[in-house]
2 protein chains.
Amino acid sequence: MGISSTDLRRAGLFRGLTGCDLTGLLAVARPQQAAAGTTFFLADDQAARCYLLTAGYVKLVQAGLDGAEVVVRMVGPGEIFGWVAVMGGSCYPGTAEAVTDSAALAWDAEAVRRAILATPLLGLNALEAVGRRLREAQDRVRELATERAERRVARTLLRLADQAGTSTSGGVEIAIPVGRQLLADTAGATLHTVSRILAAWDHQGIIGGSRQRIILRQPDRLRALAEDDSEA
Amino acid sequence: MGISSTDLRRAGLFRGLTGCDLTGLLAVARPQQAAAGTTFFLADDQAARCYLLTAGYVKLVQAGLDGAEVVVRMVGPGEIFGWVAVMGGSCYPGTAEAVTDSAALAWDAEAVRRAILATPLLGLNALEAVGRRLREAQDRVRELATERAERRVARTLLRLADQAGTSTSGGVEIAIPVGRQLLADTAGATLHTVSRILAAWDHQGIIGGSRQRIILRQPDRLRALAEDDSEA
DNA sequence: CTTCGTCTTTGCGCCAGCGCAAATAGGAGA
DNA sequence: TCTCCTATTTGCGCTGGCGCAAAGACGAAG
């Protein structure tokens, strides 16, 4: 479970850093835990720290006016979160809630600024990480604007499998407890629609699983649904 | 029109840099122009350069599977674009098309990496700029997932006014030629729906203008439409 | 002034997906 | 094993907004 200290070197954020730099960074990091269902920070909190997830899974959630929740991003081990607000010196745009018991390393905003100024490569790595996420966010904008719910759900499942997939005999299992509601919030649909879609796929043998567990039995067909223009 | 060299210092990207750093950066920048309707780069081009817009307006567009276009972002003077792909060393995720005659400064990917390593503050500034955009993109994800077309259009108009608004006697005029189609692509709706909505607002005196020109006559009412839960 | 092309409006039909509500089904804990 | 609680399924009606198609308006060019 989680990633070891030596694995940190392989995390994108620290790529290319010297052992010395790494030691310094770890020295000022504060380990922090969050049990499933609890939060690292809330939306509109003053952004004081940024995080690197070392174990577990965290969902970044924004609440709409009417109480609807949107999962802006699922964070897995080795990924960073909370950096955007810290750089801008503002408030967190969303809430970071642990989906499973999670652990992270936290840095104070000022410490991060200093670290980047001292180790420019860290800034470059962070820029790349944030850039990748911007790209993902833009892709989601396009998808939400142009694609139907079914396809968005397919993409969401594939993304989750990519991020937390475990190959088993029966297919790829998603190692995060994903309920229909969470899936709906992530794909930009409603609980009901997601349930209907998954039920249909279940009957077709494309997916399987039970409560909170999803297994992709035929990832290829899902991929086809997600990308093909016409359907099988 | 556009921003002068001295204004660059005030552009977020260069905040806090020394005159010396700035001079060095400008020395390796290549000025580049694009007439309205032409492009700085195309989607899936190998990302070789990143840009700082000095004059005009540029839209970043992604094409959907079915030919539908989505405007991922409108870029105004002083803003940067094309940085994400350059940092990741990949292809541009979208096309950058000039909406009006535009001018920009371009840097080679490698030059930017070197500049950031040499001037870490530049990296911090870039991180902040990209972060702000990530935040905007995430906001749009939430809006597309939870809000109705009318509200999204209202928000889009307010954003454009914020970015390129000119106060006139009759209200705030958007200084970019914005057609219904462009508005639709930006708000995540269709040409028809946008036309209907704008026609209704026109009758109510909320907006005005003619072909490709939009004037916000009562920005407050638009704001109410964009943010209020109940309507007037 | 006329013509042409693009942008815009508007009517009408349709359907994906939401909203409500109620029935089920699994799991976890006692 | 039994019970309770939460997750999930599913029926049904409704509607926002898309899709098509055609007409109308404005500007630019000649």
Side-chain angles (χ1 to χ4, degrees), chain A residues 35-37 59 64-70 99-101 143-157 174 176-204 207-215 225 229 231, chain B residues 35-37 64-70 99-100 143-157 174 176-204 207-215 225 229 231:
Chain A
K59 62 175 179 182
L65 300 167
D66 49 355
E69 282 197 343
V70 175
V99 175
T100 63
D101 292 346
E143 289 166 18
L144 283 167
T146 65
E147 292 173 359
R148 307 205 170 276
E150 184 180 44
R151 182 165 296 179
R152 296 202 305 269
V153 173
R155 272 193 215 275
T156 304
L157 284 181
I174 294 174
I176 316 176
V178 181
R180 300 291 185 268
Q181 183 66 58
L182 177 57
L183 205 50
D185 292 342
T186 309
T190 58
L191 168 67
H192 313 283
T193 301
V194 168
S195 180
R196 277 180 253 270
I197 292 172
L198 290 199
W201 287 346
D202 196 349
H203 293 151
Q204 294 175 48
I207 64 165
S210 59
R211 165 185 277 230
Q212 308 259 58
R213 278 180 49 236
I214 298 179
I215 299 174
L225 284 169
D229 216 346
E231 284 157 33
Chain B
L65 300 165
D66 49 357
E69 281 197 344
V70 175
V99 175
T100 63
E143 290 166 19
L144 283 167
T146 65
E147 292 173 0
R148 308 210 168 280
E150 185 180 45
R151 181 165 296 179
R152 296 203 304 269
V153 173
R155 271 193 216 277
T156 304
L157 285 181
I174 295 174
I176 317 175
V178 181
R180 299 290 185 267
Q181 183 67 57
L182 177 56
L183 204 50
D185 292 342
T186 309
T190 59
L191 167 66
H192 312 283
T193 300
V194 168
S195 181
R196 276 180 253 270
I197 292 173
L198 290 199
W201 287 346
D202 197 348
H203 293 152
Q204 296 175 48
I207 64 165
S210 59
R211 164 185 279 231
Q212 307 259 57
R213 277 181 49 237
I214 298 179
I215 299 174
L225 284 168
D229 215 345
E231 284 156 36

K.L.:
If I compare all heavy atoms of T193(B) with all of A149(B), which pair ends up nearest, and what's the gap?
P.N.:
CG2-CB, 4.2 Å
K.L.:
Return the CZ to CG distance between R152(A) and L225(A), rounded to the nearest 0.5 Å.
P.N.:
14.5 Å
K.L.:
Whole angstrom is fine here: how far is it from CZ in R213(B) over to P in dT8(C)?
P.N.:
12 Å
K.L.:
Could I get the full list of side chain to side chain contact (heavy atoms under 4.5 Å, CB included) partners for A68(B), not counting sequence neighbours?
P.N.:
T146(A), D66(B)
K.L.:
Is S195(A) close enough to dT8(D) that one of its side-chain N or O atoms is under 4.0 Å from OP1 or OP2 there?
P.N.:
no
K.L.:
Would a distance-only check, ignoring hydrogens and angles, find a side-chain to backbone donor-acceptor pair under 3.5 Å from T186(A) to L182(A)?
P.N.:
yes
K.L.:
If I take atom CG in residue L183(B) and atom P in nucleotide dC7(C), what distance separates them, rounded to the nearest angstrom?
P.N.:
14 Å
K.L.:
Figure out the CD1/P separation between I214(B) and dC26(D), and round it to whole Å.
P.N.:
16 Å
K.L.:
Check this for me: does the side-chain of R211(B) come within 3.5 Å of the base of dC26(D) through a donor and an acceptor?
P.N.:
yes
K.L.:
Rounding to a whole Å, what distance do you find between Q212(A):CD and dT6(D):C1'?
P.N.:
9 Å
K.L.:
Any side-chain heavy atom of L198(B) sitting closer than 4.5 Å to one from L157(B)?
P.N.:
yes
K.L.:
Give me the atom names and distance for the closest heavy-atom approach of T190(B) to A184(B).
P.N.:
C-CB, 3.5 Å
K.L.:
Determine, for nucleotides 16-21 of chain D in 5'-to-3' order, which nucleotides have protein heavy atoms under 4.0 Å from the base (write B), from only the sugar-phosphate (write S), or from neither (write -).
P.N.:
SSSBBB
K.L.:
Rounding to a whole Å, what distance do you find between R180(A):CZ and dA25(C):P?
P.N.:
15 Å
K.L.:
Separation of L182(B) atom CG from dT8(C) atom C1', in whole Å?
P.N.:
14 Å
K.L.:
To the nearest angstrom, how far is Q181(B) atom CD from dT8(C) atom C1'?
P.N.:
11 Å
